[in-house]
Amino acid sequence: MSIDEGTAARVAKLARIRVEEADLPALAQEFSTILGFIEQLNEVDVDGVEPMTSVTPMRLKRRDDVVTDGNQQAAVLANAPDAREGFFAVPKVVE
Amino acid sequence: MLDLTYESPAPRVIAGATGDWELVIGLEVHAQVATAAKLFSGASTKFGAEPNSNVAFVDAGMPGMLPVINEGCIAQAVRTGLGLKAEINLRSAFDRKNYFYPDLPQGYQISQLYHPIVGEGEVIVDMAPGVARLVRIERIHLEQDAGKSIHDMDPAMSFVDLNRTGVALMEIVSRPDIRGPEEAAAYVLKLRQILRYLGTCDGNMQNGNLRADVNVSVCRPGDYEKYQETQDFSHLGTRCEIKNMNSMRFIQLAIDHEARRQIAILEDGGSVVQETRLYDPDKNETRSMRSKEEAHDYRYFPCPDLLPLEIDQAWVDDIAARLPELPDEKKARFVKDFGLSEYDASVLTAEAENAVYFEEVAQGRDGKLAANWVINELFGRLKKDDCAITESPVSPAQLGGIVGLISSGDISGKIAKDLFEIVYTEGGDPVEIVEKRGMKQVTDTGAIEAAVDEVIAANPAQVEKAKANPKLAGWFVGQVMKATGGKANPAAVNQIVAAKLGL
């Protein structure tokens, strides 16, 4: 499967990564190479093999339903480029 | 359990220029899971806190933070599944749904696309006594809620509050089994009732703790039956999804409007485009959210931060063993044990608190009489004062006392209303009040006879008239009731007046 420049541009846009027009052919080529490798892996017959989700026999760790965090408004907002009255302030987004 | 049998309601039909159309509706209800902490962090879920104060670094999407699942949320989802008679998946998994929005700092929502925690279930949606729609549930999955954006605090900026970010939601997905706007609202109402009984969601629609996306399509009569036979969606029309509604009224208006919009397109020879639409209550119309179309490529993939969620059957069984009695069972039991009508039983079981109150009043007493007093007198009075049943000035024991006094013949129904008002405003033990204020019904025939004699003696002209026209005996009954302050037993008065007048 090969990825064209239009698809590469769309993937970049969805990921909010700016890619200059001139860089698109190389990016598309890179995507195609990666997908080629995936296609090669797909040739392996994995019928009846459980997908491996962990290399160690671990169970998903759980927490109790208790409030243990929060009340740190200043810390949460510390890295925000703009914050007002306890809110993050961002350029207007309206549907 | 006693089964109340029911018939299916007729689907809503809209007459078009080219013939009749029917509606087909499926709902995705987002219910906020009632827990103290969020789905993957230890921050509080409490509503109305200072902005960005219920936020852990996980919720804020800080680099390096890892989600750890809240077991309370898992239990609540399982409990909900069991309450909807659904299959519980002992193994489920979390996926990332990727999109960018300021109130989603992670850049993705953790959800369960491929392996939800709950599978197929069902809800019986009551439409009228003896009429109900069985709505199949396709699945319930756990996911994170997003934050809140406020657009009207500044002309150039949007303000973002992450308090809701990461709070657990259950998305409850129905099959397209709903056939009209009223059914859709009744379905949400029934779901809300079950969730509140289970204690898994508070159902507060105003705060957005319960909201619905509605899928609407239209088809010709007969097409839907073909779909039900084959489960083949090609028999149905193209659907549109109306997003994020949190009012029963708007759900109905939006469905009605959307169906008519689709019919107009189809009758014009056009075709409906599958898309997401937004309902505008001010204009009563739905409009396309085309801006979001392109972004709707969510590139789901398994969340690498979370192992599959495995739960034990024994743990599920333990939750099942501790489920409360649910609305359908409670209603059936009220009909059977207390001899109530299905309607009265529905009213009394609408909220769990009402049912608890009623049962306490009815315990060891006349159930029908208790139901009448709870529904007509108590609910009416509470409504007048805008007072919740949990804050009722009249306790179940007090109301039970009044009902007991009526049943024993100690007071008449009319006096009982006065007594209720006294207990409501002043409090006190009804039995004592009746005793102290001399409100007891006079059943002593001697006393009633004396009163009747007095009225007859004082009104010889009326006696003559009554002898000619027996219907006028009622006048004497009224006079005697007045003379005894309404305390005479009306049946006894009737009998004695008739005898004395020789009727």
Side-chain angles (χ1 to χ4, degrees), chain A residues 3-4 6-19 31 34-35 38 41-42 46 49-95, chain B residues 35-38 40-46 49-60 62 68-76 93 98-102 105 107 147 149-151 153-163 278 289 291-292 294-295 297 299 302 306-310:
Chain A
I3 298 287
D4 61 24
T7 308
R10 183 169 143 73
V11 170
K13 192 183 170 196
L14 284 170
R16 296 293 190 280
I17 294 171
R18 181 190 310 183
V19 177
F31 281 163
I34 293 167
L35 284 178
I38 304 285
L41 290 179
N42 271 341
V46 290
V49 179
E50 277 279 301
M52 186 175 72
T53 49
S54 172
V55 289
T56 54
M58 260 181 77
R59 195 165 175 262
L60 178 65
K61 194 175 150 52
R62 289 137 214 246
R63 67 166 74 237
D64 289 335
D65 180 29
V66 180
V67 177
T68 55
D69 211 336
N71 285 320
Q72 44 175 356
Q73 191 196 60
V76 165
L77 296 173
N79 296 317
D82 193 359
R84 298 178 202 178
E85 293 170 65
F87 293 93
F88 290 92
V90 302
K92 196 110 178 158
V93 269
V94 185
E95 279 302 321
Chain B
T35 49
K38 295 184 179 182
F40 295 115
S41 86
S44 169
T45 60
K46 210 164 174 192
E50 278 287 299
N52 294 305
S53 60
N54 292 341
V55 182
F57 290 144
V58 184
D59 310 316
M62 296 290 180
V68 179
I69 197 165
N70 178 346
E71 192 161 47
C73 299
I74 310 170
Q76 291 290 52
N98 300 281
Y99 67 96
F100 286 101
Y101 205 74
S149 304
I150 301 164
H151 305 293
M153 283 176 71
D154 186 283
M157 311 294 275
S158 289
F159 284 21
V160 180
D161 174 10
L162 300 182
N163 281 348
L278 209 59
M289 294 172 72
S291 59
K292 270 209 160 179
E294 194 183 6
D297 185 344
R299 295 150 295 144
L306 293 158
L307 286 167
L309 172 57
E310 286 171 323

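By convention in this document, chain letters (A, B, ...) are assigned in the order of the sequence lines, proteins followed by strands, and residues within each chain are numbered from 1. The structure displayed is predicted, hence computed values, not measured ones.
Side-chain contact between A/Asn79 and B/Met62: present, with at least one pair of heavy atoms (C-beta onward) separated by less than 4.5 Å. You'll find the side chain of A/Ser54 reaches within 4.5 Å of the side chain of B/Leu307, heavy atoms only. Counting heavy atoms from C-beta outward, B/Met153 and A/Phe87 have side chains that approach closer than 4.5 Å. The shortest distance between side-chain heavy atoms of B/Val55 and A/Gln73 does not fall below 4.5 Å.
Residue contact with chain A, scored on non-hydrogen atoms closer than 4.5 Å, involves the backbone of B/Ala156 exclusively. Residue contact with chain A, scored on non-hydrogen atoms closer than 4.5 Å, involves the backbone and the side chain of B/Pro308 alike. Residue B/Pro155 touches chain A through its backbone alone, counting heavy-atom pairs closer than 4.5 Å. The parts of B/Asp154 that come within reach of chain A are both its backbone and its side chain, each placing non-hydrogen atoms under 4.5 angstrom from that chain.
In this structure, B/Ser158 and A/Lys92 approach most closely via the heavy-atom pair OG-CA, 3.5 Å. The shortest non-hydrogen separation linking A/Val67 to B/Ala43 is CG1-C, 4.4 Å. A/Ala75 approaches B/Phe57 most closely through the heavy-atom pair CB-CZ, 4.0 Å. B/Val68 and A/Arg62 make their closest contact through CG1-C, 3.9 Å (heavy atoms, listed as atom of the first residue, atom of the second, distance). Between A/Val66 and B/Ala37, the shortest heavy-atom distance links the atoms O-CB, 3.6 Å. Closest of all the heavy-atom pairs between A/Glu85 and B/Pro51 is O-CG, 3.7 Å.
More than 12 non-hydrogen atoms from other residues, nucleotides or ligands lie less than 6.0 angstrom from CG of A/Asp82. Atom CD of B/Glu310 is surrounded by more than 12 heavy atoms from other residues, nucleotides or ligands within 6.0 Å.
Not one N or O on the side chain of A/Asp65 forms a donor-acceptor pair closer than 3.5 Å with the backbone of B/Asn70.
Between atom CG of residue A/Asp69 and atom CG of residue B/Asn54 there is a gap of 10.0 Å, rounded to the nearest 0.5 Å. To the nearest 0.5 angstrom, B/Asn52 atom CG is 10.5 Å from A/Gln72 atom CD.
Each of A/Ala89, A/Ala80, A/Ala74 has some count of heavy-atom pairs under 4.5 Å with chain B, and the biggest count is that of A/Ala89.
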